[in-house]
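All chains are named by letter (A, B, ...) in the order of the sequence lines, taking the proteins before the strands, and each is independently numbered beginning at 1.
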2 protein chains.
Amino acid sequence: MSKSPDRCVPSTADGLACCVPLAREPITVEQAAGAASMLKAVADPARLRLLSLVLSHEGGEACVCDLLPYFDLSQPTISHHLKVLHDAGLLHRKKRGTWVYYIARPEAMHALGSLFAAAAAPTLAGAGA
Amino acid sequence: MSKSPDRCVPSTADGLACCVPLAREPITVEQAAGAASMLKAVADPARLRLLSLVLSHEGGEACVCDLLPYFDLSQPTISHHLKVLHDAGLLHRKKRGTWVYYIARPEAMHALGSLFAAAAAPTLAGAGA
DNA sequence: CCACGACATCGACCGATGTCGATATTGCTC
DNA sequence: GAGCAATATCGACATCGGTCGATGTCGTGG
């Protein structure tokens, strides 16, 4: 019954839990660890705003110098946050001359969104049991 | 065109950022703080698994004694994690006799899902600018 | 080649957080 | 009411994580 594979291959090769909805069935310890590492990256006001700024910036990309004016934080701190987002697979780095541009990775955004997508519908569990 | 108010009233009265997508435009400092507090709650493997277990449990609800066997953690620790999820507005508490049942709040699940929903689509920013 | 500007790395500090054992609270049962 | 079972609270401990200043690296331009 719970045989709908969606259109999602479990590309855990990237370290991304592609489609692992929280509902329907309990996630495994490994899935929880992977998803939590991604969520930890965005569970910070500064990083959340950085991600949002990159996403909404012209062309979907932004360099550090574009982002700095939005914060009261030091440049090393911003750089650190960007590194956290990059290490979590949420941001892609592209070097252009002296500047480093960051671009959000749609796969990661999709992975995060799909986590809670199925959970938003009310009374979903127990219907099949 | 960027005038679509969706069907979402900003019910920040709950402390929930109802529909605050990351993309399209930069989120405010307050929105980031609110969303981050919710994300912090789920940015932990144990709590993520707890949420998933509650969601997929029969009837969409589970008491602490149902959840305990799934973990190697002590009962106070599980209780603590459930409190964190409850304080973040992700779980609802219902007392029935000696047992306390936890139920996931669909509004909160929707709020988390909508954060990344719009960000999953590629090349969304810069199109309107 | 040298100076400068953009960004990353390092080391240190300190508050936040996950974990435990012990204990308190609440409700059921006999 | 006494005892027990389910859950929450408390205090302590160790580790994690965000922040900074100082410094290193790399590319550009004079």
Side-chain angles (χ1 to χ4, degrees), chain A residues 29 32-54 57 59 61-104, chain B residues 29 32-54 57-59 61-103:
Chain A
V29 176
S37 72
M38 243 188 303
L39 287 168
K40 265 183 207 297
V42 289
D44 179 274
R47 289 198 288 269
L48 209 49
R49 234 152 62 84
L50 278 171
L51 188 56
S52 180
L53 284 165
V54 167
H57 201 262
E61 63 179 24
C63 67
V64 184
C65 57
D66 289 330
L67 303 168
L68 269 178
Y70 288 94
F71 297 87
D72 280 336
L73 302 172
S74 69
Q75 176 265 322
T77 299
I78 297 296
S79 211
H80 162 70
H81 284 313
L82 288 169
K83 177 183 169 59
V84 171
L85 288 169
H86 174 70
D87 290 350
L90 303 182
L91 288 184
H92 177 68
R93 289 186 45 163
K94 196 194 313 186
K95 200 160 188 175
R96 206 151 61 213
T98 312
W99 296 274
V100 175
Y101 287 81
Y102 285 91
I103 303 104
Chain B
V29 176
S37 71
M38 245 189 302
L39 287 168
K40 265 182 204 299
V42 290
D44 179 275
R47 290 199 287 269
L48 208 50
R49 232 152 63 83
L50 279 171
L51 188 56
S52 180
L53 284 165
V54 167
H57 200 261
E58 180 187 337
E61 62 179 24
C63 67
V64 183
C65 59
D66 289 329
L67 303 169
L68 268 179
Y70 289 94
F71 296 87
D72 281 336
L73 303 171
S74 68
Q75 176 266 322
T77 298
I78 297 296
S79 210
H80 162 71
H81 283 314
L82 289 169
K83 177 182 171 57
V84 171
L85 288 169
H86 174 70
D87 289 352
L90 303 182
L91 288 184
H92 177 67
R93 288 187 47 163
K94 196 194 313 186
K95 200 160 190 178
R96 205 151 63 211
T98 313
W99 296 272
V100 174
Y101 286 81
Y102 285 90
I103 304 103

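- Proximity of B:Leu85 to B:Val54: side-chain heavy atoms (C-beta onward) are nowhere separated by under 4.5 Å.
- Between A:His57 atom NE2 and A:Tyr101 atom OH the span is 8.5 Å, to the nearest 0.5 Å.
- Under the 4.5 Å side-chain criterion, counting only non-hydrogen atoms from C-beta, A:His92 is not in contact with A:Tyr102.
- With C:dG18, D:dC26, C:dG27 as the candidates, the nucleotide lying closest to the side chain of B:Thr98 is C:dG27.
- Summarising the geometry, the separation between CH2 on A:Trp99 and C1' on D:dC26 is reported as 13 Å, rounded to the nearest angstrom.
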What does the 5'-to-3' dot-bracket notation of DNA chain D look like when only Watson-Crick and G-U wobble pairs under 3.5 Å count, and pairs to other strands show as |? ||||||||||||||||||||||||||||||
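- Atom-to-atom, CG of A:Leu67 to P of C:dC7 comes out at 9 Å; the value is rounded to the nearest Å.
- For the OP1/OP2 pair of C:dG18 and a distance below 4.0 Å, the side-chain nitrogens and oxygens of B:His80 include at least one atom meeting the criterion.
- Applying the 4.0 Å criterion to OP1 and OP2 of C:dA8, one finds that A:Tyr102 has a side-chain N or O inside that range.
- Between atom CG of residue A:Leu53 and atom CZ of residue A:Arg49 there is a gap of 6.0 Å, rounded to the nearest 0.5 Å.
- Atom-to-atom, NZ of A:Lys95 to P of C:dA6 comes out at 14 Å; the value is rounded to the nearest Å.
- Per the geometry, CZ belonging to B:Arg47 stands 12 Å off C1' belonging to C:dA16, to the nearest Å.
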What do the steps show when you test B:Phe71 against B:Leu50 for side-chain contact (heavy atoms from CB on, under 4.5 Å), and what is the final call? CA-CA 9 Å; B:Phe71 296 87; B:Leu50 279 171; 3.6 Å; yes
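- Summarising the geometry, the separation between CG on A:Asp72 and C1' on D:dG18 is reported as 15 Å, rounded to the nearest angstrom.
- Among the atoms of the strands shown, only primed sugar atoms or phosphate atoms (P, OP1, OP2) are found under 4.0 Å from some heavy atom of A:Leu73.
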Taking N or O atoms only and anything under 3.5 Å, show me the protein contacts with nucleotides 21-23 of chain D, one pair per line.
none

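- Contact annotation: A:Arg93 does not reach the phosphate of C:dC7 (side-chain N/O to OP1 or OP2, under 4.0 Å).
- Using a 4.0 Å heavy-atom distance criterion, A:Leu82 is classed as making no nucleic acid contact.
- A heavy-atom distance below 4.5 Å is found between the side chains of A:Leu67 and A:Leu82.
- Between A:Arg96 and C:dA6 there is no side-chain polar atom (N or O) within less than 4.0 angstrom of OP1 or OP2.
- The CE atom of B:Met38 lies 13.5 Å from the CG atom of B:Asp87; values are rounded to the nearest 0.5 Å.
- Counting to the nearest Å, the C1' atom of C:dC7 and the CG atom of A:Asp66 are 13 Å from each other.
- Rounded to a whole Å, the CZ atom of B:Phe71 is 14 Å from the C1' atom of C:dT19.
- Spacing between atom OH of B:Tyr101 and atom P of D:dA6 amounts to 11 Å, rounded to whole angstrom units.
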